[in-house]
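Down below is the structure, laid out as structure tokens.
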Number of protein chains: 2
Amino acid sequence: MAELANVSVATVSYVLSGKDRPVAAETRQRVLDAARQLGYTPNQAARSLRKRRTQRVCLVLSSFGGVPADVRLATDLHEMADARGYSVVTLSVYDEARAQAAVEVLRGGIADGALIHVVGDHLAHDLLAGLAATGLPMVVLGNESGLKGCDLVRTPEAEACAEAVEHLLQTGRRRIAYMAHRFEVYRDKPMGRLLGYTTALDRHGVKERIVTGGADDRVAAYQTATELLSSPDRPDAIFAASDRAAISAIWAARDLGLSVPGDVAVVGVGNIDEGLISNPQLSTVGPLRHDYTDVVRLLFDRLQAEEPPPAREIVRSWTFVRRGSS
Amino acid sequence: MAELANVSVATVSYVLSGKDRPVAAETRQRVLDAARQLGYTPNQAARSLRKRRTQRVCLVLSSFGGVPADVRLATDLHEMADARGYSVVTLSVYDEARAQAAVEVLRGGIADGALIHVVGDHLAHDLLAGLAATGLPMVVLGNESGLKGCDLVRTPEAEACAEAVEHLLQTGRRRIAYMAHRFEVYRDKPMGRLLGYTTALDRHGVKERIVTGGADDRVAAYQTATELLSSPDRPDAIFAASDRAAISAIWAARDLGLSVPGDVAVVGVGNIDEGLISNPQLSTVGPLRHDYTDVVRLLFDRLQAEEPPPAREIVRSWTFVRRGSS
DNA sequence: CTGTTAGCGCATTCAG
DNA sequence: CTGAATGCGCTAACAG
């Protein structure tokens, strides 16, 4: 490369990395021509080794096709990364092995910072804490507590879900089933959405708990809802841990000849757009606006800060949105 | 690190990378202890610079939350990567800018190989060809032709879709609408799914073409289907470019008081599981089994080959699956 | 304006 | 069995 253009490697580096060092127009052109002719692209490993920065950020998600809101998160991240000259790579963490691998990759220095949104318990708290202790700039979405050295974005899910369940109680529902994500069921004590459910029932002195799995995918949700609603003492409301599951529940109810919300009310979580086209429209719990620019900004602030800024925390606002299904 | 364990960097390298060089048990333990105490992880940039391999593969997708089948593709890739000691990073390509960026990152050497599944036209053929010319081992899913130096996985979408539309014609449908992905509409000539649609109509001498957008997301599909079905000369069949859009179309029909398939038949593409719980069950076009292990194996064969193997090609088998909606 | 040089952190000879 | 020396491809500082 350098010899083809008949210049030193330093010159090549300067023109390709667009630094301010003055380079004769003619020389620059020669370099550019040679680069194009050879299809030359600087080796990023060498570059980051030298610069001690990768100009990359890493997005860590539970899985592709998981939470629909992740699409927005990813878009917002890509957009800001672009604007600031960073690339984005994504790691998928859908089980413990993947969590381990992801942390290893991050520790190996694949990126200058990470935006981490892993639902469930795959990414153990210790792993996360160990990663943060590395000094890697990171922003964690979740309800982890006691994470030092990184920014936290938490969502008051429990409160908002309790509100939804209280609404069900106040409109006369008494047998309220909760369709949970798998990881919630295997937890020692209820948290988040499930906690909201139990809290609301506690407050109203309702003893009965009907907790099933099935919220993880649409088909499982349909089957679970069908079972629930086929039983002789069927619930008069289903609170599902995801909107997708809730919509499946609506289908199941209708296929059984039950009316929604007449015979059974349905409420989901997430406030996805699809809730607007279901019939009836889906009552849900979630953010009113899906916008993660503030979250993403936390990361880039941290990346571009001279020294580690104090840990900040954003609390995302979640509310109960009543629509036709309840 | 080296000094804490009181050994040379070479020794550290040997014990941590698990090479066969003999190391005294006591020395090894000292290194391991020091590594854990410091939370030391070898820098991957330096390692790949030296070894000229990253031990990473890259998955390139259109977008997270895009095609449901990508979840399986990702799982299969992760699994085999794990087994062979590779990590997986993912790049998301949902527009031209992202395509450009992704290719740049790949050229920069982020991974030893790439599995590329980008639907639509974002990833221009030239970019792909340029990347392949780099010598980067890659497997491309799509119907690109004339790509040298990489393995191709193609899907006879057009044929399978034509079969579906012929089925609609044979069961008496005459006004068949096609709900397209955005990128299909803006193409100069029909390809893939749209081509299947036009081909079938041509064969049967049907002149009328009803092509709309809306297949990209559920809400848009619902709205588009509602418009189509509200018109005085409404179609008697809707062929949607995705199952998700097709399911939205079923909802739209039902919400308008139309029966499916009585008043309007609906057929989708993709054969996603959700089609089994829709009411009626969704007729669709797609693979009977979602399994990408053979595709993934192509990549690792290529990675572990001494010299570039001949370009191979896999043709995935797609069929029309008739269910209740048509 | 451009070339020379010294590492970045690691894996790998080659000596000991 | 272990340490010292070399260089992977690049950038930044310093000479010219």
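All chains are named by letter (A, B, ...) in the order of the sequence lines, taking the proteins before the strands, and each is independently numbered beginning at 1. Predicted model only: the values in this text are computed from it and were never measured.
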Is the side chain of A:Asp112 donor-acceptor paired with the backbone N or O of A:Thr54 at a distance under 3.5 Å, no angle test? yes
Whole angstroms only, please: what is the CZ-P distance between B:Arg47 and D:dC10? 21 Å
Quick one: closest heavy-atom pair of A:Ser62 and A:Ser92, and the distance? O-OG, 3.8 Å
Would the distance check show the side chain of A:Arg72 and the main-chain N or O of A:His290 forming a donor-acceptor pair, the cut-off being under 3.5 Å? yes
Residues B:Arg56 and B:Gln44: side-chain donor-acceptor under 3.5 angstrom: no
Return the minimal non-hydrogen interatomic distance between B:Ala45 and A:Leu49, and the atom names on each side. CB-N, 4.4 Å
Are any of A:Tyr14's side-chain N or O atoms less than 4.0 Å away from OP1 or OP2 of D:dA13? no
Just to be sure I understand the rule, does A:Pro22 reach a base, reach only the sugar-phosphate, or reach nothing, if contact means heavy atoms closer than 4.0 Å? base
Check nucleotides 5-7 of chain D against the protein and report each pair of N or O atoms closer than 3.5 Å, with its distance, or say if there are none.
residue, atom, partner, partner atom, Å
D:dG7, N2, B:Arg50, NH1, 3.3

Under a criterion of less than 4.0 angstrom to any heavy atom of chain A, what are the 5'-terminal and 3'-terminal contacting nucleotides of DNA chain C? C:dC1 to C:dG9
Is it true that B:Arg47 and B:Gln55 share a donor-acceptor pair across their side chains at a distance under 3.5 Å? no
Under 4.0 angstrom, heavy atoms only, what part of the nucleic acid is B:Thr11 near: base, sugar-phosphate, or nothing? sugar-phosphate
Evaluate the side-chain contact (heavy atoms from CB on, under 4.5 Å) criterion for residues A:Tyr292 and A:Val153: first the C-alpha distance (whole Å), next the side-chain angles of each, then the deciding distance (0.1 Å), finally the verdict. CA-CA 10 Å; A:Tyr292 291 92; A:Val153 179; over 6 Å; no
Please compare B:Glu26 and B:Ala46 by the position of their nearest nucleotide in DNA chain D and report the one closer to 5'. B:Glu26
Students often get this wrong, so: under 4.0 angstrom with heavy atoms, is A:Ser48 touching a base, only sugar-phosphate, or nothing? nothing
Per nearest nucleotide of DNA chain D, the residue lying toward the 5' end, B:Ala25 or B:Leu49, is B:Ala25
Measure the angle between the two terminal helix axes of the helix from C:dC1-D:dG16 to C:dG16-D:dC1, five base pairs each, and quote it to 10°. 50°
Give me the one residue out of B:Leu141, B:Val140, B:Val315, B:Ile314 that meets side-chain contact (heavy atoms from CB on, under 4.5 Å) with B:Arg154. B:Val315
Starting at atom CD of B:Gln44, determine the distance to atom C1' of D:dC8, rounded to an integer number of angstrom. 15 Å
Does the pair A:Asp95/A:Arg98 count as a salt bridge with the N-to-O cut at 4.0 Å? yes
If we only count heavy atoms from C-beta on, is the B:Leu128 to B:Met138 side-chain gap below 4.5 Å? yes
Please report the C-alpha distance between A:Phe64 and B:Asp70 in whole Å, then the side-chain angles of each, then the deciding distance to 0.1 Å, and finally whether the side-chain contact (heavy atoms from CB on, under 4.5 Å) criterion is met. CA-CA 8 Å; A:Phe64 319 129; B:Asp70 282 352; 5.9 Å; no
